[in-house]
Protein chains: 2
Amino acid sequence: MRLVIARCAVDYTGRLNAHLPLATRLLVHKGDGSLLVHSDGGSYKPLNWMSPPCTLASEEPGEEEASAGVLEVWRVTHKKTGDALRVQIYEVLHDSNHDLGIDPGLQKDGVEADLQRLLAEQVELVAEGATLVRREFPTAIGPVDLMVRDPDGVAIEVADESATGGARHIAVEVKRKAGIDAVEQLTRYLELLNRDSHLAPVRGVLAAQSIAPQARTLAGDRGIEVLLLDYDAMKGVESGVPTLF
Amino acid sequence: MRLVIARCAVDYTGRLNAHLPLATRLLVHKGDGSLLVHSDGGSYKPLNWMSPPCTLASEEPGEEEASAGVLEVWRVTHKKTGDALRVQIYEVLHDSNHDLGIDPGLQKDGVEADLQRLLAEQVELVAEGATLVRREFPTAIGPVDLMVRDPDGVAIEVADESATGGARHIAVEVKRKAGIDAVEQLTRYLELLNRDSHLAPVRGVLAAQSIAPQARTLAGDRGIEVLLLDYDAMKGVESGVPTLF
DNA sequence: TCCTCTAGCTTGGAC
DNA sequence: GTCCAAGGTAGAGGA
């Protein structure tokens with residue numbers, strides 16, 4: 001990894017065009033050839049960058065550039081898309097190389113997959129007496145997170161059976177944060193599943209750690225039930241520390 | 001900006017939990033307090049990070065940590081969310097400070113806003129004789145990119161007037177890349193707009209530089225027309241260089 | 001402030 | 001390869 005602090009100007013051409021005026025920035029040239037251009041502040045995202053696979057070539061500046069003070073030009077080209085980054089270097093304030101070795105990578109806990117696994121194990125949270133049919137239940141337009149059988153579906157919903165049709169299957173969409181898009185996604189699955197006479201009628205449950213107000217409203221309109229999940233509580237149950245009911 | 005190359009292990013607790021085992025990495029501590037943890041390769045995204053507003057505090061390692069070889073612990077805490085990053089530093093291989101000053105920022109061309117502006121100026125691409133009602137046409141659930149009046153709507157659509165109702169208004173959703181989500185978005189707008197008797201019936205056009213096949217299919221199902229846009233050609237028209245028809 | 005939508009999204013997975 | 005969905009999405013912009 002090469003670290004350079006330099007006064008530079010950058011032009012990107014590719015999916016769009018972008019220009020960075022002359023200023024002092026950090027250039028990180030990684031072992032895989034990729035380049036990051038960072039300012040001191042702003043964000044975790046570079047101002048400009050080139051992802052691997054790409055190559056960096058150093059060029060002499062043109063005559064006009066040289067007279068404007070450009071010492072060197074870096075041209076970073078993506079090997080597949082042809083996207084290109086052109087860095088005009090006016091002054092180098094720091095330049096160092098470092099051998100980092102390979103990284104063992106990041107270990108995560110609490111992503112959607114973990115939520116889904118826990119809810120599959122604690123499927124009674126979806127409906128009393130419910131049993132898991134399977135996770136990642138396949139459909140033509142993609143897998144439904146959880147498919148659940150609800151033995152008491154008719155009895156529970158008898159007060160308004162016309163709305164649910166006494167559904168004994170429940171399609172569950174699991175999200176960490178549910179937005180409108182999650183409701184749309186579940187709606188598409190329900191449309192499709194309810195065309196299958198072996199399953200229909202299927203009702204929908206949107207299970208999430210947080211649900212955007214407009215998503216809740218839209219779900220209500222579409223007869224989709226929402227279920228708030230408490231990840232820590234569910235994890236507590238898993239680890240053998242029962243919660244009180 | 002402080003640049004540190006160090007052998008370190010990192011733990012993040014916040015919206016989820018994440019752990020980075022001991023390895024050599026680049027730590028970038030920016031002027032606004034934010035911290036980026038990069039490996040040599042991978043992507044432009046840090047392995048771990050903390051966004052501003054946050055504070056970095058250096059601590060003595062605990063006894064057990066010290067005996068395991070930890071020299072120093074950085075604790076980076078977000079001021080609002082309470083998210084925290086804990087960096088155990090085992091060895092410092094490089095440490096330097098740099099004054100970068102403020103950055104003039106990135107100038108972009110070719111983003112969705114540019115597409116939208118060009119299509120607003122060349123609204124006849126949507127339908128012959130069409131006129132612009134307004135950009136960012138407000139609705140209760142957000143702005144429609146373009147609202148267009150189509151004086152010939154009835155005549156053009158007379159062959160299947162039942163489908164369009166002879167719509168004289170067109171809601172246009174502009175995208176660089178249109179996926180299923182774009183169709184859903186436009187569908188929501190159309191549902192709402194068609195409840196407004198002053199506008200209804202409104203038909204929908206999805207205008208994009210590229211359209212995913214499944215989005216095209218879904219749009220077809222919903223009676224939404226798709227329109228492929230050529231950004232360079234549209235820009236050519238704008239700059240007074242006409243294209244041939 | 002909350003909420004929505006864009007992003008050179010990136011990245012991973014399935015087909 | 002293409003396409004879809006998740007992300008500690010981040011960040012901008014409007015109500």
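To find a chain, count down the sequence lines: A is the first, B the second, and so on, and within it residues start at 1.
Among all heavy-atom pairs drawn from B:L115 and B:K175, the shortest one is CD1-O, 3.5 Å. Here the shortest heavy-atom pairing between A:D145 and A:V172 reads CB-O, 3.2 Å. Of all heavy-atom pairs spanning A:D32 and A:P52, the tightest one is OD2-CG, 3.4 Å.
Distance alone, capped at 3.5 Å, places no donor-acceptor pair between the A:K235 side chain and the A:D230 backbone.
Between the CG atom of B:D32 and the P atom of D:dA10 there is a distance of 15 Å, rounded to whole Å. Summarising the geometry, the separation between CD on A:E136 and C1' on C:dC15 is reported as 15 Å, rounded to the nearest angstrom. Rounded to whole Å, the distance from CZ on B:R86 to P on D:dG8 is 22 Å. What separates CD of B:Q107 from C1' of D:dA12 is a distance of 18 Å, to the nearest Å. Rounded to whole Å, atom P of D:dA6 lies 12 Å from atom CG of A:L186.
For A:L228, the CG atom sits in a packed shell: over 12 heavy atoms of surrounding residues, nucleotides or ligands are nearer than 6.0 Å.
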Query raised in the report: How would nucleotides 1-8 of chain C be written as a contact map, 5' to 3', with B for base contact, S for sugar-phosphate-only contact and - for no contact, using protein heavy atoms under 4.0 Å?
Result: --SSSSSB

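The gap from the P atom of D:dG8 to that of D:dC4 amounts to 22 Å, rounded to the nearest Å. Of the C1' atoms belonging to C:dC5 and C:dC9, the separation is 13 Å, rounded to the nearest Å.
Ion pairing of A:R222 with A:E191 is absent here, as no side-chain N (NZ or NE/NH1/NH2) approaches a carboxylate O to less than 4.0 Å.
Remark: A:S43 is in phosphate contact with D:dG11, judged by side-chain N or O atoms under 4.0 Å from OP1 or OP2.
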